[in-house]
Amino acid sequence: MFLNVTNKVTLLLERQMTILIARINSLVQTFCTSCIQQIQFTPVVKAVKRISFSVSVCELSVMSGSPAVVMRLVASAYRVAEKAGAIVRRVLHSGELGIVEKTGANDLQTLADRLAQQSICASLSKRFPKITIIGEEDLPVEEVSGDLMETGQEEEILHKPCPAEYRELKEEEIVVWVDPLDGTKEYTEASMCLRRQTEARTPHNRPDTSKPHSTALWLLDNVTVLIGIAYGGRAIAGVINQPFYNYQLGEGAALGRTIWGMVGLGAFGFELQEVPGDRRIVTTTRSHSNKLVIDCVDAMEPHEVIRVGGAGNKIIQLVEGRASAYVFASIGCKKWDTCAPEAVLQAVGGKLTDIYGNAYRYDANVKHMNSTGVLATLRNHEYYTSRVPQSVLQALKSE
């Protein structure tokens, strides 16, 4: 039907188009979304400029308040990771870390680990009761206090378009891998440094502030909260919170940063940068080195080696252009260490494998240990796998 267009009719048309979107969405919900990729609506208005728009199924879902399950999960994980980061900061500032050794002096657990994991697992399982959650800490089943719960969701994520392959995922198909405090050793060392510096007194019995807390603060750079989301054995989305990000700005600065990524969508919360192509900078373990690790790093012929703690921190080194490759030719790293970082890295075109170049799987029933090491790169992955010495490959195979 042709319309005699006036200003009033134009305004009416705009209102009707909004209503029509909601009606289209209602109809779309009755069809198989795998068969309907896009809906195009073109009003027939010949007296004015033709108005045309298209709305994807996922976008319509967002408009109707029902984003895909995986998008809602990531949005929740974002806010939960921020909550966990706040817990990590609070425990550090209290000075009462409640440290226990799990398997040795290099495998520690703190009150922050315990409280952060309780917060993450309880918050996510309450909203998504059918997902499988696997956390690093072996904690007794107990009621979690209300102050540890997080019910919010990050609105910006809810409005992102969901990749087609994940739109129909069900809760029971998803596995979540949680490291509540990646870099615990550095966290405890930083606490001790801060305590010693606080106890150092001037003759006037005031804290000595003449020396910056550089060592302690650098150690806190290594600390992250990791929430990885897997489907079909593959890492598909990840959230990484840095509780102490921005410490360089000094007292009073707002601390903390959360980055996230989804394969097929992208990664957010940081500026992607790369090491210049003529440089090879390798990042590796700070506290779990051995002959295999050293031999493998040397074989890469790096121009520089950066030794830091935490798998999450090492992947941040890659995506922010401070390192070319993360090389760890040893057992020790576990699935909760690599699931979230791998998803973020893959979302920007990077790759994480074992030392042989094989992908790790994140099914609920896999062993937790990454027993054949970790090799991660933003670019040129094949170069680094080709440089791994046969002696290292053989040694890892036999372990």
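Treat the numbers as computed from the prediction; the structure is a model and nothing was measured. Positions are given from 1, in the same order as the sequence printed here.
- For the atom pair Asp179 CG and Trp336 CH2, the distance stands at 8.0 Å (nearest 0.5 Å).
- Residue Leu219 comes nearest to Ala190 through the heavy atom pair CD1-N, 3.6 Å, listed as atom of the first residue, atom of the second, then distance.
- Side-chain N or O atoms of Gln109 include none that pairs as donor or acceptor with a backbone N or O of Val100 at under 3.5 Å.
- The CD atom of Gln117 lies 10.5 Å from the CG atom of Leu115; values are rounded to the nearest 0.5 Å.
- Interatomic distance, OH of Tyr166 versus CD1 of Ile229, reported as 11.0 Å (0.5 Å rounding).
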Notebook entry, point to check: Run the side-chain contact (heavy atoms from CB on, under 4.5 Å) check on Met71 and Met262 step by step: do they pass?
Noted result: CA-CA 9 Å; Met71 300 306 293; Met262 178 178 286; 3.6 Å; yes
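- The hydrophobic cluster containing Val308 does not contain Ile294, counting ILVMFWY residues as joined when their side-chain heavy atoms lie under 4.5 angstrom apart, directly or transitively.
- Applying the ring pair (Phe, Tyr, Trp, His ring centres under 6.0 Å) criterion to Phe268, with sequence neighbours excluded, gives Trp260.
- Under the 4.5 Å side-chain criterion, counting only non-hydrogen atoms from C-beta, Ile316 is in contact with Ile259.
- A donor and an acceptor atom, one from each side chain of Thr258 and Tyr245, are nowhere located under 3.5 Å apart.
- In this structure, Glu154 contributes its side chain and Ala75 its backbone to no donor-acceptor pair below 3.5 Å.
- A heavy-atom distance below 4.5 Å is found between the side chains of Phe128 and Arg72.
- Judged as a salt bridge (Lys or Arg N to Asp or Glu O under 4.0 Å), the pairs with a partner in residues 339-362 (not counting sequence neighbours) are, in order, Arg361-Asp363.
- Remark: side-chain polar atoms of Arg307 are not paired, donor with acceptor, to backbone N or O of Ser289 under 3.5 angstrom.
- At a threshold of 4.5 Å between non-hydrogen side-chain atoms, the residues Cys296 and Pro389 count as touching.
- Relative ring orientation between His368 and Trp177 is described as perpendicular, the plane-to-plane angle rising above 60° on a 0-90° scale split at 30° and 60°.
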Notebook entry, point to check: Could you walk me through whether Leu226 and Asp182 pass the side-chain contact (heavy atoms from CB on, under 4.5 Å) check?
Noted result: CA-CA 7 Å; Leu226 306 176; Asp182 188 36; 3.6 Å; yes
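- Side-chain contact check for Ser330 and His288: no donor-acceptor pair (N or O, by modelled atom type) lies under 3.5 Å.
- Within the structure, the salt bridge (Lys or Arg N to Asp or Glu O under 4.0 Å) test picks out the following pairs touching residues 284-298 (sequence neighbours left out): Glu186-Arg286, Glu189-Arg286, Lys291-Asp295.
- Nearest heavy-atom pair across Ile315 and Ala376 is CD1-CB, 3.8 Å.
- What you find for Asn246 and Ala253 is that their closest heavy atoms are O-CB, 4.0 Å.
- Residues His381 and Leu375 have side chains in contact (heavy-atom distance under 4.5 Å, counting atoms from C-beta outward).
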Next item on the list: Could you please spell out the steps behind the side-chain contact (heavy atoms from CB on, under 4.5 Å) verdict for Ile236 and Leu169?
Entry: CA-CA 12 Å; Ile236 65 168; Leu169 294 191; 3.9 Å; yes
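- Counting heavy atoms from C-beta on, the side chains of Val178 and Ile134 never come closer than 4.5 Å.
- Judged purely by distance below 3.5 Å, without hydrogens or angles, the side chains of Asn370 and Lys335 pair a donor atom with an acceptor atom.
- Annotation: Glu156, atom CD; neighbour count of heavy atoms from other residues, nucleotides and ligands within 6.0 Å does not exceed 12.
- Closest approach of Glu171 and Pro129 over heavy atoms only: OE1-N, 3.3 Å.
- Going from atom OG of Ser125 over to atom CD1 of Ile133 covers 5.0 Å, rounded to the nearest 0.5 Å.
- Leu139 and Ile227 are assigned to two separate hydrophobic clusters, defined by single-linkage of ILVMFWY side chains at heavy-atom distances under 4.5 Å.
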Margin query: Please evaluate residues Val319 and Leu345 with respect to the criterion side-chain contact (heavy atoms from CB on, under 4.5 Å), reporting the C-alpha separation (whole Å), side-chain torsions for both, the decisive distance (0.1 Å), and the verdict.
Written below: CA-CA 7 Å; Val319 299; Leu345 184 62; 4.0 Å; yes
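- Note that OG1 of Thr188 and CG of Leu108 are 5.0 Å apart. Values are rounded to the nearest 0.5 Å.
- The closest side-chain heavy-atom distance from Glu137 to Pro180 is below 4.5 Å.
- For the pair Gly309 and Asn222, the tightest heavy-atom approach, listed with the atom from each and the gap, is N-OD1, 2.5 Å.
- Every pair passing salt bridge (Lys or Arg N to Asp or Glu O under 4.0 Å) that includes a residue from residues 376-386 is listed here, sequence neighbours excluded: Glu274-Arg379.
- Using a distance-only test at 3.5 Å, with no hydrogens or angles considered, no donor-acceptor pair links the side chain of Glu320 to the main chain of Gln273.
- At least one donor-acceptor pair closer than 3.5 Å links the side chain of Thr283 to the backbone N or O of Ile306.
- You'll find the side chain of Ile131 stays beyond 4.5 Å of the side chain of Val175, heavy atoms only.
- Tyr187 places a side-chain N or O within donor-acceptor distance of the main-chain N or O of Leu92, the cut-off being under 3.5 Å.
- Between Arg167 atom CZ and Cys162 atom SG the span is 6.5 Å, to the nearest 0.5 Å.
- For the residue pair Tyr247 and Asp221, a side-chain donor N or O sits within less than 3.5 Å of a side-chain acceptor on the partner.
- Between the side chain of Asp337 and the backbone N or O of Cys333 there is no donor-acceptor pair closer than 3.5 Å.
- For Gly269 against Arg257, the heavy-atom pair with the smallest separation is O-CD, 3.6 Å.
- Of the listed residues (Tyr362, Tyr326, Tyr360), just one forms a side chain to side chain donor-acceptor pair (under 3.5 Å) with Thr338, and that residue is Tyr362.
- With a 4.5 Å cut-off on side-chain heavy atoms, Pro302 and Glu304 do not count as touching.
- Under the ring pair (Phe, Tyr, Trp, His ring centres under 6.0 Å) criterion, His303 pairs with no residue, sequence neighbours left out.
- Between the side chain of Ser324 and the backbone N or O of Ile281 there is at least one donor-acceptor pair closer than 3.5 Å.
- Remark: side-chain polar atoms of Tyr384 are not paired, donor with acceptor, to backbone N or O of Met300 under 3.5 angstrom.
- A distance-only check finds a donor-acceptor pair linking the side chain of Glu173 to the backbone of Lys170 [under 3.5 Å].
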Show every donor-acceptor pair shorter than 3.5 Å between a side-chain atom in residues 79-90 and any protein atom, with sequence neighbours excluded, or say none if there are none.
from, atom 1, to, atom 2, distance (Å)
Arg79, NH1, Gln153, O, 3.2
Lys83, NZ, Asp147, O, 2.8
Arg89, NH1, Pro243, O, 2.8

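- Defined by atom type and a distance below 3.5 Å, a donor-acceptor pair is present between the side-chain atoms of Thr184 and Asp113.
- If you chain together hydrophobic residues whose side chains sit under 4.5 Å apart, Leu378 and Tyr383 fall into the same group.
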